[in-house]
2 protein chains.
Amino acid sequence: MTEPRFQRRKEDRPAEITAAALAAFAENGYAATRVDDVAKRAGVSKGLLYLYFKTKEELFKAVIRSFISPRIDALISNVEETELSAEEFLRGPFLEFACSIPKSPARVLLKLMVAEGPKHPDLIAWYWEHVVSRGITALRMLIQRGVKNGEFRESALDEFPQLLVTPIFFSLLWKLLFQPHSELDTDQFIGAHVDMVLTTIKAETA
Amino acid sequence: MTEPRFQRRKEDRPAEITAAALAAFAENGYAATRVDDVAKRAGVSKGLLYLYFKTKEELFKAVIRSFISPRIDALISNVEETELSAEEFLRGPFLEFACSIPKSPARVLLKLMVAEGPKHPDLIAWYWEHVVSRGITALRMLIQRGVKNGEFRESALDEFPQLLVTPIFFSLLWKLLFQPHSELDTDQFIGAHVDMVLTTIKAETA
DNA sequence: TATATTACTGACCAAGCAGTCAGTAAGGAA
DNA sequence: TTCCTTACTGACTGCTTGGTCAGTAATATA
């Protein structure tokens, strides 16, 4: 007659706890987040949480890893397999990806990385290896492909592919800090930047 | 004969405590910083610290305010009083300012703002009013001056002067996170960006 | 239905910390 | 030298919180 007090759902618990933790960390930061609060959000007791994650720190690392990996993997395989020209790719899938980031709920990850990253060197190392350096490499390949087939001329972008993504991070920071004070139309903002970059590096075709 | 156990230096204490707090907050973040630690770094007892700052939060706000104000004030009055052309100013004083930020020790302020800002709305409001909106306005004026006297053509920069400063913040983030993993030559990086922007907005002078 | 297994709970503890305050001593005034 | 003001100290406290573990109840098995 009585509802069971809980269900046993070994498979789903880690993902549920991780999602709850992302929300909590995003709201309060790592140090100010109470493990009890995470457990409550996940609808679980603190004891169970500690069954799946050895410490608060382990939980934090799991959060970062589980939310970032899928996105970057998608972009990179996209770059490698596309049949579009470099410019078409930059104006198409890349721009779409770039514009989606500041809107995604995962944008709070930047806050977490900045605030807590430096205290977890192995996390930074993982992030560098699996996300950043792979991303940079993919971008550089894309640009060089453009140079090789005469679409682009040689430019600072060859050395600094990061110049393409600066407005993404700026938009993230802006939204994180000044959301209520000022709207930034991130689509237009990022679009204008990509446009500017392409204008300067496009080989003359007149 | 015996050294006095302490000196009374009412005038200097606040600045000393503020400096110590910046170091401590930068290292550990706000929540993880112990007031005792700040006091120790400042060579002062915790009790004295609470004489000058009502709470830990007040101390935090004082830190941000006291380190940011002077820098932005200098830049803005510089823009207003310069006799250089817009391009000369951007390639000269502006570029110098931009390149100096990622090297300055105050770069950790970004970390603090991102991590803790959203929990202190009045701090964000102050920052918006005294730093960001003033800075944006100054930049916009500079660009419009360039447009008016025929140096620049109309462009997305008129609406988004922020496009000029994105690589500064990117450099800050990069250094904050990946300092040991990868060096970024921020001078060249920011220089390349400013160059790119100027190339696209410069009116034809051939 | 009886028994075994284990996912899960929640009360508990030891440690750490923001903020207080009664008392101390530096340094100026007389 | 003596007295007075106040900058300064540091022990103390009440509360918070990461992590533990003995016990409970949901499911699998026979």
Side-chain angles (χ1 to χ4, degrees), chain A residues 1-64 112 115-116 119-120 123, chain B residues 1-64 112 115-116 119-120 123:
Chain A
M1 203 78 295
T2 51
E3 288 286 298
R5 301 228 326 269
F6 56 86
Q7 290 162 23
R8 313 172 117 213
R9 303 204 334 275
K10 192 183 159 122
E11 305 301 320
D12 303 331
R13 295 302 192 194
E16 291 172 11
I17 293 171
T18 287
L22 174 63
F25 286 147
E27 218 165 275
N28 308 314
Y30 175 79
T33 292
R34 309 294 141 219
V35 176
D36 250 329
D37 178 40
V38 174
K40 210 157 273 167
R41 287 183 198 231
V44 149
S45 73
K46 192 162 66 164
L48 184 65
L49 188 154
Y50 274 98
L51 204 75
Y52 291 110
F53 303 93
K54 261 214 273 297
T55 63
K56 188 185 177 188
E57 185 178 346
E58 281 305 316
L59 172 61
F60 174 69
K61 292 181 191 170
V63 168
I64 302 281
L112 284 178
E116 304 299 332
K119 258 180 287 181
H120 308 276
L123 181 63
Chain B
M1 207 77 295
T2 51
E3 288 284 295
R5 302 226 326 271
F6 56 85
Q7 290 162 22
R8 315 171 119 212
R9 306 206 330 278
K10 193 182 160 120
E11 306 302 321
D12 303 331
R13 295 304 192 193
E16 290 174 12
I17 293 172
T18 288
L22 174 63
F25 286 146
E27 218 165 276
N28 307 314
Y30 175 78
T33 292
R34 308 297 140 219
V35 175
D36 250 327
D37 180 39
V38 174
K40 209 159 273 165
R41 288 185 197 229
V44 149
S45 72
K46 191 161 65 164
L48 183 65
L49 190 156
Y50 274 98
L51 204 74
Y52 290 110
F53 303 94
K54 261 216 271 299
T55 64
K56 190 184 176 187
E57 186 178 343
E58 282 304 318
L59 172 62
F60 174 69
K61 293 181 191 170
V63 168
I64 302 281
L112 285 177
E116 305 299 333
K119 258 180 289 178
H120 308 275
L123 181 63

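Throughout, protein chains are lettered first and strands after them, A, B, ... in sequence-line order, and every chain is numbered starting at 1.
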Practice task
May I ask you to test the B:Tyr52-B:Glu58 pair for a side-chain heavy-atom distance under 4.5 Å?
Solution key: no
Practice task
Could you say whether B:Gly47 or B:Val35 is positioned toward the 5' end of DNA chain C, judged by the nucleotide with the nearest heavy atom to each?
Solution key: B:Val35
Practice task
Tell me which nucleotide among C:dA26, D:dA26, C:dG19 gets nearest to the side chain of B:Phe6.
Solution key: C:dA26
Practice task
Using only side-chain N and O atoms of A:Arg8, determine if any of them is under 4.0 Å from OP1 or OP2 of D:dT27.
Solution key: no
Completion exercise
Rounded to the nearest 0.5 angstrom, the CG-CZ distance for B:Leu59 and B:Phe25 is 4.5 Å
Completion exercise
Between B:Arg13 and B:Leu48, the two heavy atoms sitting closest are NE-CD2, 3.9 Å
Handout entry: Donor/acceptor link under 3.5 angstrom from A:Lys46 side chain onto base of C:dG10
Key = no
Handout entry: Between C1' of D:dG10 and OH of B:Tyr50, the distance in whole Å
Key = 14 Å
Exercise for the section: Take atom NZ of A:Lys40 and atom P of C:dC8, then tell me their distance rounded to the nearest Å. Expected result: 18 Å
Handout entry: NZ/NE/NH1/NH2 to OD/OE distance under 4.0 Å, A:Lys40 and A:Asp36
Key = no
Exercise for the section: Send over the distance from A:Glu57 CD to D:dG19 P, rounded to a whole Å. Expected result: 9 Å
Problem - Close side-chain approach of B:Thr33 to B:Phe60, heavy-atom, < 4.5 Å - result: no
Exercise for the section: Could you state the atom-to-atom distance from CG of A:Leu49 to P of D:dT20 in whole Å? Expected result: 12 Å
Handout entry: Atom-to-atom span, CZ of B:Phe60 to C1' of C:dG19 - whole angstrom
Key = 19 Å
Handout entry: Side-chain N or O of A:Arg13 closer than 4.0 Å to phosphate OP1/OP2 of C:dC8
Key = yes
Problem - Side chain of A:Arg5 - closest among D:dC8, C:dT9, D:dG19 - result: C:dT9
Problem - Integer-rounded Å distance: C:dG10 P and A:Leu48 CG - result: 11 Å
Practice task
Could you tell me whether the phosphate oxygens of D:dA7, OP1 or OP2, come under 4.0 Å of any side-chain nitrogen or oxygen in B:Tyr52?
Solution key: no
Exercise for the section: Starting at atom CZ of B:Arg9, determine the distance to atom P of C:dG27, rounded to an integer number of angstrom. Expected result: 10 Å
Fill in the blank from the handout: Contacts of A:Val44 and A:Asp36 projected onto DNA chain C by closest heavy atom; the upstream (5') one is A:Val44
Exercise for the section: Grab the CZ-C1' distance between B:Arg34 and D:dT16 for me, whole Å please. Expected result: 11 Å
